[in-house]
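Take a look at the structure set out below.
Below, read A as the first sequence line, B as the second, and so on, with proteins coming before strands; counting in each chain starts at 1.
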Amino acid sequence: MSDISKTSAAPARAGLLSMKYMPWIIAAILLMILPFIFTNNSSITIMSQMWITVIFALAYNMLLGQGGMLSFGHAVYMGLGGFFCMHIMNYVEDFGLALPLPLLPLFGGLFGMGFAMIIGSFSTSGAGTRFAMISLGVGELIAACSIIVVAFFGGEEGISGDRTYGLPFFGVEFLKQIEVYYLISFWLMVSAVLMYLFSRTPVGRMANAVRDNPERAQFLGYSSRWVRFYSFCASGFFCGIAGGLFAISYEILTEENLNAVQSGTILLVTFLGGVGFFFGPIIGAIAFTLLQTVLSLQTELWAFYAGALFVATVMFFPGGLAGLLMMHVPAARFGKLKTLGVPYLKTLLPGAIGILGLCCLVEMTFHYRHAATGDNEMTLFWTTFDSHSVTPWLLVIAVTAVAFFIMRKTAPELKEAWADANSPPKGGA
Amino acid sequence: MAAALHLDGLCKSFGKTEIIRGVDLSIAKGERHAIIGPNGAGKSTLFNLITGRFPQTSGTISLHGDDLVGKAPHEINRMGLSRSFQITNIFSNMTVFENVRCSLLWSMGYKYSFWNLLDRSHKLTEGAEEILEQINLTERRNLPAGVLSYAEQRALEIGITIAGGADVIMLDEPTAGMSHSETDYIVDLIRKVTENKTLIMVEHDMGVVFGLADYISVLVYGEIIATGRPEEVRANPKVQEAYLGEVLEAEH
């Protein structure tokens with residue numbers, strides 16, 4: 001083991017350097033070309049929303065994953081940043097303030113950070129239940145304020161504005177969604193890089209140390225409280241940026257943007273993606289936004305499936321989707337990833353069919369109970385049938401049962417293949 | 001010259017229970033001082049008082065002549081006192097290298113900065129590698145600390161404790177729960193890394209105590225009943241009666 005690491009140290013360093021920048025370069029290129037692949041307006045809107053959620057989730061993970069702080073009221077910082085930006089936007093419109101739109105999120109970030117400094121000054125003295133409860137309380141407090149302080153929050157209908165009144169930015173007036181998309185992508189890259197670098201700084205590393213063992217960190221000369229406070233403020237800043245981008249993209253903010261539902265969603269997104277890795281929340285945000293937008297067009301029950309997915313993630317893959325991916329690194333290192341292909345197909349394909357079968361049953365039950373009387377026709381997977389007759393039920397139940405049976409049968413084979421793929425090659429070590 | 005650590009009339013009670021009942025102790029610079037005593041004598045409490053984990057009820061503690069009263073653990077650490085724990089206390093999800101590097105940060109002046117990138121600092125990397133070399137964990141560099149063997153975790157803990165460059169090192173039962181060979185390994189390690197430093201340790205293994213310590217204090221029911229050179233303490237009838245008699249008998 002040691003020999004390998006010693007002899008390959010020098011070439012590995014050069015390799016590491018390109019490895020280090022490669023994901024960022026690929027990400028930047030993807031951000032640029034995606035609108036040319038998915039050209040219609042709705043996909044661009046979905047992607048815009050996705051990238052905003054990515055920033056928010058990454059900022060949230062600065063607390064949850066990096067700092068070990070579970071916040072139940074984090075939508076407040078994004079929401080407040082958004083409201084503040086909306087006010088600036090209106091100010092620009094009313095008074096002709098010379099502010100180019102692309103800079104607006106920065107003000108959202110500063111406002112989010114300012115508010116995080118106030119709340120963090122008393123909430124970060126502990127990380128456990130106390131911190132979680134304070135975050136929940138503050139979240140409720142601000143959500144309640146949004147109905148009371150009408151001047152700032154605009155009451156129930158919220159506040160809206162028009163982004164196009166700012167100074168044209170090199171001739172761009174942000175009339176089109178695609179221009180906004182690139183603005184969001186730009187801020188996504190900047191924020192993601194900064195957040196990644198933050199995790200590499202002394203205070204970012206100490207956040208990990210405080211997460212693992214706050215007491216030991218104290219005996220290294222660091223006050224756990226201050227370390228948490230800095231993470232908290234940084235997180236507030238990036239949440240504020242996400243809020244500013246939201247304001248620009250949607251031109252309206254309401255109480256819904258900072259209430260507990262929103263806070264719960266971001267916890268879900270981050271956990272689904274995986275808190276243990278920097279890129280986890282990115283995957284989570286993409287997966288969740290797709291569920292939210294694409295799946296919600298297909299079925300009214302999308303939240304039910306999202307919830308089931310979340311519970312399954314917590315129970316079976318506490319590392320989230322990112323953890324699931326990273327589980328395969330050892331096998332890839334041994335060059336045995338290929339051996340997993342066939343066993344995966346044999347087990348996961350029936351598994352997927354089984355799960356889809358279950359979903360069908362859920363949909364059919366829902367239709368049976370809730371469709372208008374006389375409306376017995378329903379369509380699932382491009383097939384139209386009568387949800388009140390027995391045949392489709394029997395068919396779906398049979399398919400589901402058979403699929404799960406096959407999955408059970410092939411599961412041991414997969415387990416074996418997995419164990420084999422994760423043991424070092426014979427004769428190698 | 002002021003003593004490295006000076007305790008004067010130190011008392012601690014939890015409610016009505018007095019755990020530490022007036023401890024006076026002076027430990028000179030460069031001394032290796034062991035604190036021994038039966039279970040429940042208050043050894044760990046004494047450690048916790050000195051390092052600011054609990055506030056004392058009365059009495060004073062001074063480090064190099066500076067009063068430690070009311071100081072938080074991180075402030076005491078910055079004044080040059082570092083400690084290990086009876087229960088292994090490391091950052092188990094971080095790699096061994098990260099563990100050591102984090103323990104160097106404050107003393108190298110990085111404080112709470114968010115404008116320095118750690119990987120850029122050669123001084124930091126070299127410093128951490130030097131410590132890893134000292135505690136023989138270079139080969140384990142990139143493993144998460146949580147997966148190390150028990151003895152290795154203890155060695156890492158000692159590494160973290162000394163890394164910050166503190167000149168007063170306090171070790172709480174560094175060899176607890178170790179086999180003979182592991183104990184020998186840790187004792188050598190302690191001797192090596194605490195050279196020219198003041199060492200204060202709580203230890204149950206008399207072999208370690210008599211092999212390592214210049215001075216020994218015996219703590220019984222919150223009071224120090226004897227302090228002196230190992231041979232003096234061993235010969236002291238009061239100590240024989242209260243503690244050492246049984247222990248030495250049990251060991252033979």
For [X], does the [atom1] atom sit with more than 12 other heavy atoms under 6.0 Å from it, leaving out its own atoms?
{"X": "W418(A)", "atom1": "CH2", "result": "yes"}
{"X": "M327(A)", "atom1": "CE", "result": "yes"}
{"X": "E133(B)", "atom1": "CD", "result": "no"}
{"X": "I87(B)", "atom1": "CD1", "result": "no"}
{"X": "K415(A)", "atom1": "NZ", "result": "no"}
{"X": "E130(B)", "atom1": "CD", "result": "no"}
{"X": "R333(A)", "atom1": "CZ", "result": "no"}

Legend entry - Residue Y230(A) versus chain B: region with a heavy atom under 4.5 Å: side chain
Legend entry - Which portion of Y222(A) sits near chain B, non-hydrogen atoms under 4.5 angstrom: both
Inset, instruction - Measure the CZ-CD1 distance between F219(A) and I76(B) for me, rounded to the nearest 0.5 Å. - result: 7.5 Å
Legend entry - Distance-only donor-acceptor check, side chains R216(A) and S84(B), under 3.5 Å: no
Nearest heavy atoms of [X] and [Y], plus distance in Å:
{"X": "L117(B)", "Y": "L197(A)", "value": "CD2-O, 3.6 Å"}
{"X": "D212(A)", "Y": "N93(B)", "value": "OD2-N, 2.8 Å"}
{"X": "P202(A)", "Y": "N116(B)", "value": "CD-O, 3.2 Å"}

Legend entry - Interface residues of residues 95-114 of chain B facing chain A - non-hydrogen atoms under 4.5 Å apart: E98(B), R101(B), C102(B), S103(B), L105(B), W106(B), Y110(B), K111(B), Y112(B), S113(B), F114(B)
Inset, instruction - Could you check if a side-chain atom of R53(B) sits within less than 4.5 angstrom of a side-chain atom of Q218(A), using non-hydrogen atoms only? - result: no
Legend entry - Note, R211(A) side chain near M94(B) side chain (heavy atom, < 4.5 Å): yes
Legend entry - Region of I90(B) in contact with chain A, defined by heavy-atom distances below 4.5 Å: backbone
Inset, instruction - Please state whether the side chain, the backbone, both or neither of T51(B) comes within less than 4.5 Å of a heavy atom of chain A. - result: both
Legend entry - Positive for side-chain contact (heavy atoms from CB on, under 4.5 Å) with F91(B), one of N208(A), V210(A), L220(A): L220(A)
